[in-house]
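Everything on this sheet refers to the single structure shown next.
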Amino acid sequence: MSGTRRVRLVLALGLLAVVAAVIWGWRKPAASSAPASAHRADRGGGRGERVEGGESVVLTGDLEAQRVKAAVQVTEPDGTTRFRGNAESGPVQVTLGYTADGKRDKVTIEAARGEYHPTTQSGRFEGAVKVVTGLGVELATDTLVYRGQEGIAETDANVEFRRKQVAGSARGVSLAIREGHLTLAADVKLRIDDDVRGAVEITAARGAFQKKDGSFELLGGVTARQGESVLTAERLAGQLSLPGYVLTQLEATGNVVLLSAGGAMARQMGLNASSGSCKLRTARLDMPIGGEGARRELHAGPGGLDFVWWSASGGGEKRLQANAATFVMDATGRIESVHANKNVRLTLGGGEPAGKGRAAAHGELIECSSGYVRLDPDSREITQGEVVGDVVMTRGPMRAVAERGELAQSDLALEGSPEVTNAETGARLSAESIRIGTGQKLGLLSAWRDVTHTVRRERRGDEKEASLMTVTANEMEYDENKHWGIYRGDVLLRMGSDEVSARRLQLRGAEGALLLYANYNVVSRFAMKNKDGSTADAAEGRAQTLAYKEAGEILAYTGAVTFRQGDLTIETPDKLVVRLTPERAMKQLVAGGTSVKLSMGGRRATGVSVTYSPTEEAFRLVGDPVAYEDGGGPGGRGLALTLHRLEDRIQLDGRDLQRTVTTIKRGQPTK
């Protein structure tokens with residue numbers, strides 16, 4: 001039994017096997033001891049003879065030594081032998097020697113009085129009955145009855161028993177000797193003392209043991225306590241390996257609940273709660289018991305499982321619900337992984353309020369057909385996991401679906417036609433692979449291959465207007481808390497009739513304050529209006545980079561810029577900035593730095609820079625010199641050139657010390 005002591009909580013159940021061993025151990029000699037003593041009394045004086053004091057020794061048929069010590073031994077005419085002790089000589093004492101399972105042992109029974117009836121082969125001990133075995137088992141009760149013809153040893157009185165650190169009690173004990181069936185009738189209580197982990201106490205309405213196969217069960221309101229931890233069930237059954245009565249299997253059924261606030265109880269059951277607390281509720285819990293240091297498994301279900309735990313770092317409760325699950329423990333009895341199947345629901349965190357730059361945490365709920373999670377044994381954080389079959393993840397208004405997913409400490413990676421939607425904002429994300437941030441990365445989204453991301457874009461004009469913005473790319477990272485995203489590889493952005501394509505694109509800012517940065521081979525198209533509000537030709541731009549600030553309606557192109565609107569084309573290797581009115585009419589344009597080319601309606605000019613004046617609806621080029629060409633008329637050179645957009649008129653400033661201005665109309669000679 002010393003080996004089983006280290007099985008922790010379940011050792012207390014092995015104590016019932018000790019109770020059975022006490023009765024099983026002395027059942028053979030018990031039947032023969034009293035008759036042998038009676039025969040000795042007959043030899044000394046025949047029936048009805050009274051023997052005062054002394055000790056008798058009898059050798060039974062199997063040469064087992066029997067010793068009976070009593071103040072008075074009386075043999076009645078009917079063969080009944082009675083034993084009685086007194087205050088002077090002490091209680092009746094019967095010592096039985098026997099061999100069980102190939103080992104020698106003895107049992108000593110003490111009582112105030114006892115008797116044996118040879119006709120019915122029955123015996124009875126009464127008054128402070130105490131049973132002690134050579135193995136250190138002690139049993140105390142008020143009465144103990146043996147009915148030989150029925151093969152039953154029993155008592156209706158309270159029974160207390162102890163062996164080393166294990167103790168217990170019950171009201172009423174019955175042993176069917178031939179069948180090897182031990183019954184504890186009522187009020188079963190067990191206790192195991194442990195200086196390291198604290199005492200374990202178990203109560204049940206009744207219990208039973210079966211020696212033939214080493215099985216036992218406790219029934220009716222079973223409760224096991226250790227410190228602040230409690231296990232309850234309607235039935236607790238187990239298996240003892242024979243002949244050593246080592247516990248190898250434990251099973252709890254019927255409204256099984258394990259509560260742990262301090263972790264001691266959970267550790268005994270293989271559920272390490274050393275950091276935080278946990279609650280396990282299931283219809284059935286199977287616990288194969290290995291030796292000290294062995295890797296073990298707990299099987300919960302089928303019929304419903306609800307496992308709730310809190311990690312050392314906080315972050316709200318975590319919850320696993322399923323039809324059944326297997327808990328795998330390492331050699332120290334700490335949870336290594338949990339494998340669940342059928343109707344799996346995994347809830348992660350939640351309940352945290354919104355903070356600066358952070359959305360409120362609603363908590364993630366993952367539903368799937370089957371899955372598993374691995375836990376860090378110290379922090380009890382999820383370090384790895386997998387969910388398979390019709391995976392659905394929800395967090396507030398967000399919903400994600402996929403065929404399978406991999407769960408890490410800070411994200412969930414979805415595969416198999418994954419899609420993420422947001423019922424509140426209308427956002428939608430699809431790709432071949434999507435990663436959703438959890439825990440410390442809550443609100444982060446990543447996607448790869450065939451990415452399509454739609455988010456809400458809100459603009460501010462005379463009235464607030466909301467629309468959807470869609471980006472396609474090969475890769476994406478997006479932070480829902482900061483409304484920031486970065487897209488890579490064949491990126492195409494659509495905002496209504498606006499479009500931007502590039503190899504890399506960034507989006508920043510919340511509603512009404514969108515910032516867009518596009519890099520490498522940028523091609524853009526933005527809807528435009530005339531000053532009177534009528535629809536104008538769209539503005540098309542090509543460059544190495546584009547920065548768009550929605551709040552001020554600013555477009556800034558840099559590097560190999562080509563800008564077109566209708567018959568207007570501006571080219572510069574440097575930079576071009578366009579400012580628009582809220583209605584999308586051109587408010588200002590500045591381009592150039594080292595050189596600029598402008599063409600409009602067959603008119604072409606080159607210079608250092610160009611600006612647009614919305615008042616005059618004219619473009620002004622400056623340079624040293626400015627060169628002008630007109631395929632339908634004369635050209636010229638000067639310091640500055642003004643091209644009127646709505647008129648067929650050009651002003652060319654000369655380079656003389658005294659400023660000269662030349663006005664050219666198409667089809668008219670130069671002045």
Side-chain angles (χ1 to χ4, degrees), residues 398 417-434 445-461 463-480 482-529 535-557 561-566 576 578 580-586:
M398 188 201 75
S417 303
E419 182 177 89
V420 180
T421 57
N422 190 307
E424 187 177 272
T425 64
R428 178 181 177 274
L429 172 64
S430 64
E432 289 187 19
S433 178
I434 297 176
L445 292 173
S446 303
W448 294 267
R449 299 181 297 278
D450 295 333
V451 178
T452 300
H453 188 208
T454 300
V455 295
R456 185 166 68 178
R457 170 209 185 200
E458 295 187 354
R459 298 175 55 190
R460 298 185 182 276
E463 296 182 359
K464 184 176 179 180
E465 177 187 355
S467 61
L468 294 178
M469 176 171 56
T470 300
V471 184
T472 60
N474 291 331
E475 299 179 10
M476 181 209 79
E477 297 173 17
Y478 191 79
D479 188 337
E480 293 179 312
K482 300 178 180 179
H483 302 278
W484 170 89
I486 182 168
Y487 306 82
R488 301 182 183 89
D490 297 327
V491 182
L492 176 60
L493 166 71
R494 290 188 174 92
M495 302 181 292
S497 56
D498 298 340
E499 290 185 0
V500 177
S501 65
R503 289 172 55 191
R504 185 175 183 274
L505 184 143
Q506 296 181 65
L507 296 176
R508 296 178 182 269
E511 56 184 48
L514 175 67
L515 296 176
L516 182 154
Y517 299 91
N519 306 87
Y520 310 113
N521 302 329
V522 178
V523 178
S524 68
R525 178 184 175 88
F526 287 88
M528 300 288 285
K529 296 284 187 178
T535 301
D537 293 327
E540 298 180 359
R542 293 177 180 268
Q544 287 302 304
T545 66
L546 165 64
Y548 171 57
K549 186 176 181 181
E550 188 174 43
E553 292 289 359
I554 300 174
L555 297 170
Y557 299 89
V561 182
T562 299
F563 179 84
R564 293 187 176 89
Q565 187 191 21
L576 183 147
V578 179
L580 306 174
T581 66
E583 294 76 23
R584 284 290 188 93
M586 189 179 293

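Sequence positions, counted from 1, serve as the residue numbers for this chain. A quick note: this is a predicted structure, and the numbers were derived from the prediction, not measured.
- The structure places CG of Leu515 at 9.5 Å from CD1 of Ile554, a figure rounded to the nearest 0.5 Å.
- Remark: the Tyr557 side chain and the Ser524 side chain contain an N/O donor-acceptor pair separated by less than 3.5 Å.
- For Ser501 against Leu492, the heavy-atom pair with the smallest separation is CB-CD1, 4.0 Å.
- For the residue pair Thr454 / Thr470, a side-chain donor-acceptor distance below 3.5 Å is found, with atom types taken as modelled.
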task = Kindly indicate, with the supporting measurements, whether the criterion side-chain contact (heavy atoms from CB on, under 4.5 Å) is fulfilled by Thr425 and Glu480.
result = CA-CA 11 Å; Thr425 64; Glu480 293 179 312; over 6 Å; no
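- For Asn519 (side chain) and Arg503 (main-chain N/O), no donor-acceptor pair under 3.5 Å exists by modelled atom type.
- Summarising the geometry, atom CZ belonging to Arg584 is positioned 12.0 Å from atom OG1 belonging to Thr535; distances are rounded to the nearest 0.5 Å.
- Considering only heavy atoms from C-beta on, Val561 stays 4.5 Å or farther from Arg542 through its side chain.
- Using a 4.5 Å heavy-atom cutoff, the side chains of Ile486 and Met476 are not in contact.
- With a 4.5 Å cut-off on side-chain heavy atoms, Leu580 and Met528 count as touching.
- Smallest separation of non-hydrogen atoms from Val522 and Ala502: CG2-CB, 4.0 Å.
- With a 4.5 Å cut-off on side-chain heavy atoms, Met586 and Val578 count as touching.
- By the 4.5 Å heavy-atom criterion applied to side chains, Leu546 and Leu516 are counted as neighbours.
- Across all their heavy atoms, Val491 and Ala473 have their closest contact at CG2-CB, 4.0 Å.
- Taken from CG in Leu507 to CE in Met469, the straight-line distance is 5.0 Å, to the nearest 0.5 Å.
- A heavy-atom distance below 4.5 Å is found between the side chains of Phe526 and Val500.
- For the residue pair Glu477 / Tyr487, no side-chain donor-acceptor distance below 3.5 Å is found, with atom types taken as modelled.
- Aromatic ring orientation, Tyr478 versus His453: perpendicular (interplanar angle above 60°, classes split at 30° and 60°).
- For Arg488 (side chain) and Glu475 (main-chain N/O), no donor-acceptor pair under 3.5 Å exists by modelled atom type.
- Between Pro582 and Glu553, the closest side-chain pair of non-hydrogen atoms is not below 4.5 Å.
- Going from atom CG of Asn422 over to atom CG of Leu429 covers 11.5 Å, rounded to the nearest 0.5 Å.
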